[in-house]
Amino acid sequence: MDLTGRVAIVTGSGRGLGLAYARALVAAGASVVVNDVDQQAVDAAVAAIGGDTVGVAAAVGDTASAELLVGRAVETFGKLDVLITNAGILRDRVLWKMTDDDFDAVIGVHLRGTFTCARAAAVRMREQGTGGRIILIGSPAGQRGNFGQTNYAAAKAGIAAMARTWALELARNEITVNAVIPVAATEMTKTIPAFAPAIEEAERTGTPYPAWLRHDEGLGTVEDVTGLITFLASDAAKGITGQAIGVGGDKLSLWSHPAEKAVVYAEGGWSADAIAAAWDFEQETYGIPAPKK
Ligand SMILES: NC(=O)c1ccc[n+]([C@@H]2O[C@H](COP(=O)([O-])OP(=O)(O)OC[C@H]3O[C@@H](n4cnc5c(N)ncnc54)[C@H](O)[C@@H]3O)[C@@H](O)[C@H]2O)c1
């Protein structure tokens with residue numbers, strides 16, 4: 001995939017998946033704005049990636065940060081072609097213990113940050129008139145719900161919904177909008193009890209992650225996710241929009257969107273008693289499936 005001449009912003013690219021995305025885009029020939037809330041992480045990432053990169057330390061969430069990022073892409077590289085909204089945090093707690101601050105912090109970075117960055121990018125891309133790529137980062141938690149992740153699941157589900165909405169709104173401008181649903185070992189996920197021992201063992205011995213992790217759980221390294229990002233940023237993906245696409249380890253998947261699964265009608269409408277009498281729906285499953293091993 002050749003991305004020579006393309007200009008991308010990757011939020012939260014000081015470490016983890018974002019750093020891998022920025023590195024892969026530069027390797028494919030793109031110029032990249034590297035962003036993180038942490039100045040040291042930005043400086044280290046820019047030094048490590050090299051190539052055509054510029055660093056911007058800013059906390060994604062508010063409009064000023066979004067405009068700063070788009071402005072820096074344009075000042076430094078002359079335009080903006082690709083936005084990847086990857087910055088993220090976790091504040092996990094069950095509902096009855098979750099504070100307002102836990103909720104607002106996660107919604108602020110993920111949902112609001114995705115909104116403000118995408119809006120600033122869309123304004124610029126529409127002015128340019130040469131199309132574009134907006135790649136949002138969702139999560140299995142947002143697709144399915146996850147214990148202890150009220151704030152994060154809500155934000156990530158909202159992000160998938162925004163991808164579908166913006167795909168509609170930006171289609172005429174040839175700006176595609178997709179949500180990537182990644183799974184990879186990072187600081188955010190390495191400590192999940194079901195996976196931690198296998199990841200630690202692989203890292204200690206320098207061996208690949210075991211097949212059950214890569215294949216059955218679809219969990220691999222951050223580099224395993226980068227092929228999808230590069231593909232979506234490229235001309236090869238110009239016809240793909242409004243999708244939620246999963247990737248991790250050996251697995252690539254297309255997520256279904258919510259749709260009515262079963263429908264029944266009653267002339268004149270449904271009373272509570274009529275619903276009780278007619279209820280024959282097979283309920284949907286929910287939650288991320290427990291690890292198989
Ligand atoms: N790792 C996984 O398996 C996985 C699964 C599903 C979704 N995701 C999503 O992928 C993205 C990256 O996750 P990761 O695992 O690499 O996490 P990570 O914690 O390793 O990296 C996140 C980066 O975002 C930065 N960041 C946090 N708040 C920021 C802000 N306000 N502005 C700018 N930067 C900020 C952090 O400093 C950090 O460098 C997140 O959106 C996460 O929710 C990850």
Side-chain angles (χ1 to χ4, degrees), residues 9-24 33-46 48 55-66 68-69 72 83-92 104-118 135-146 149 151-160 162-163 179-192 194-196 199 209 213-214 217-226 228-229 244-249 251 253 255 288 291:
I9 296 169
V10 186
T11 69
S13 48
R15 71 172 194 197
L17 281 160
L19 174 58
Y21 301 158
R23 189 175 265 144
V33 177
V34 172
N35 155 258
D36 208 278
V37 66
D38 173 354
Q39 176 79 59
Q40 278 183 337
V42 171
D43 295 344
V46 167
V56 180
V60 161
D62 60 22
T63 297
S65 295
L68 178 68
L69 290 175
R72 192 61 58 83
L83 170 71
I84 302 171
T85 56
N86 166 83
I89 55 169
L90 292 178
R91 297 281 188 277
D92 292 359
D104 291 346
V106 170
I107 294 293
V109 179
H110 287 277
L111 192 65
R112 196 165 207 282
T114 298
F115 158 63
T116 54
C117 288
I135 302 169
L136 313 182
I137 304 298
S139 166
Q143 304 295 101
R144 302 281 309 167
N146 199 24
Q149 294 197 311
N151 45 7
Y152 184 71
K156 292 303 198 184
I159 285 169
M162 293 196 297
V180 166
I181 314 297
V183 181
T186 66
E187 298 307 316
M188 204 180 257
T189 50
K190 269 178 183 174
T191 53
I192 295 173
F195 306 136
I199 292 168
Y209 293 169
L213 209 56
R214 295 188 54 83
E217 301 298 338
L219 188 150
T221 64
V222 291
E223 286 76 23
D224 289 316
V225 179
T226 60
L228 176 60
I229 297 291
I245 307 166
V247 67
K251 192 158 106 176
S253 63
W255 283 84
I288 298 172

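Note that ligands are numbered from 1 as they come in the structure, with each ligand's atoms numbered from 1 the same way. Residue indices begin at 1 and follow the sequence shown. Remember, it's a predicted structure, so these values are computed and weren't measured experimentally.
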Which residue supplies the protein heavy atom nearest to [atom], what is that atom called, and how far is it?
atom                    : answer
atom 17 (O) of ligand 1 : M188 CE, 3.6 Å
atom 34 (N) of ligand 1 : V37 N, 3.3 Å
atom 4 (C) of ligand 1  : P182 O, 3.8 Å
atom 15 (O) of ligand 1 : T186 OG1, 2.5 Å
atom 21 (O) of ligand 1 : R15 NE, 3.6 Å
atom 22 (C) of ligand 1 : G88 O, 3.7 Å

Can you confirm whether [X] sits close enough to [Y] that some side-chain heavy atom of one is under 4.5 Å from a side-chain heavy atom of the other?
X    : Y    : result
L213 : I199 : yes
L111 : M162 : yes
I84  : I137 : yes
V222 : T186 : yes

| note | Out of I181, V180, T189, the nearest non-hydrogen contact to atom 2 (C) of ligand 1 is supplied by T189

| Between L90, V60, V10, which one has a non-hydrogen atom sitting closest to atom 30 (C) of ligand 1? | V60

Under a 4.0 angstrom heavy-atom cut-off, which atoms of ligand 1 come close to [X]?
X    : result
S139 : 6 (C), 7 (C)
Y152 : 6 (C), 7 (C), 8 (N), 9 (C), 42 (C), 43 (O)
V183 : 3 (O)
A184 : 1 (N), 2 (C), 3 (O)
G12  : 23 (C), 24 (O), 25 (C), 34 (N)
G16  : 16 (O), 20 (O)
N35  : 33 (C)
G138 : 6 (C), 7 (C)

Is there a heavy atom in [X] that sits closer than 4.0 Å to ligand 1?
X   : value
S13 : no
A59 : yes
A58 : yes

Below 4.0 Å, non-hydrogen atoms only: which portion of [X] touches ligand 1? Side chain, backbone, both or neither.
X    : value
N86  : both
I137 : side chain
V109 : side chain
D36  : both
I89  : side chain

| query | What are the two closest non-hydrogen atoms of D36 and G14, and how far apart are they? | reply | OD2-N, 3.0 Å

| query | If you take all heavy atoms of R144 and I288, which pair is closest and at what distance? | reply | CB-N, 3.9 Å

So, [X] side chain and [Y] main chain: donor-acceptor pair closer than 3.5 Å or not?
X    : Y    : result
T11  : N86  : yes
D43  : Q40  : no
N35  : A58  : yes
K190 : F195 : no
T63  : T116 : no

| field | L69: which of L83, V10, V33 passes side-chain contact (heavy atoms from CB on, under 4.5 Å) | value | V33

| query | Does any N or O atom in D38 lie less than 3.5 angstrom from one in ligand 1, N or O only? | reply | no

| Any N/O pair L17/ligand 1 closer than 3.5 Å | yes

| task | Answer yes when D38 and R15 have at least one side-chain N-carboxylate O distance shorter than 4.0 Å, and no when they do not. | result | no

| query | Between L90 and Y152, does a side chain to side chain contact (heavy atoms under 4.5 Å, CB included) hold up when you go through it step by step? | reply | CA-CA 7 Å; L90 292 178; Y152 184 71; 3.5 Å; yes

| message | One pair to check against side chain to side chain contact (heavy atoms under 4.5 Å, CB included): F115 and T85. What are the steps and the verdict? | response | CA-CA 9 Å; F115 158 63; T85 56; over 6 Å; no

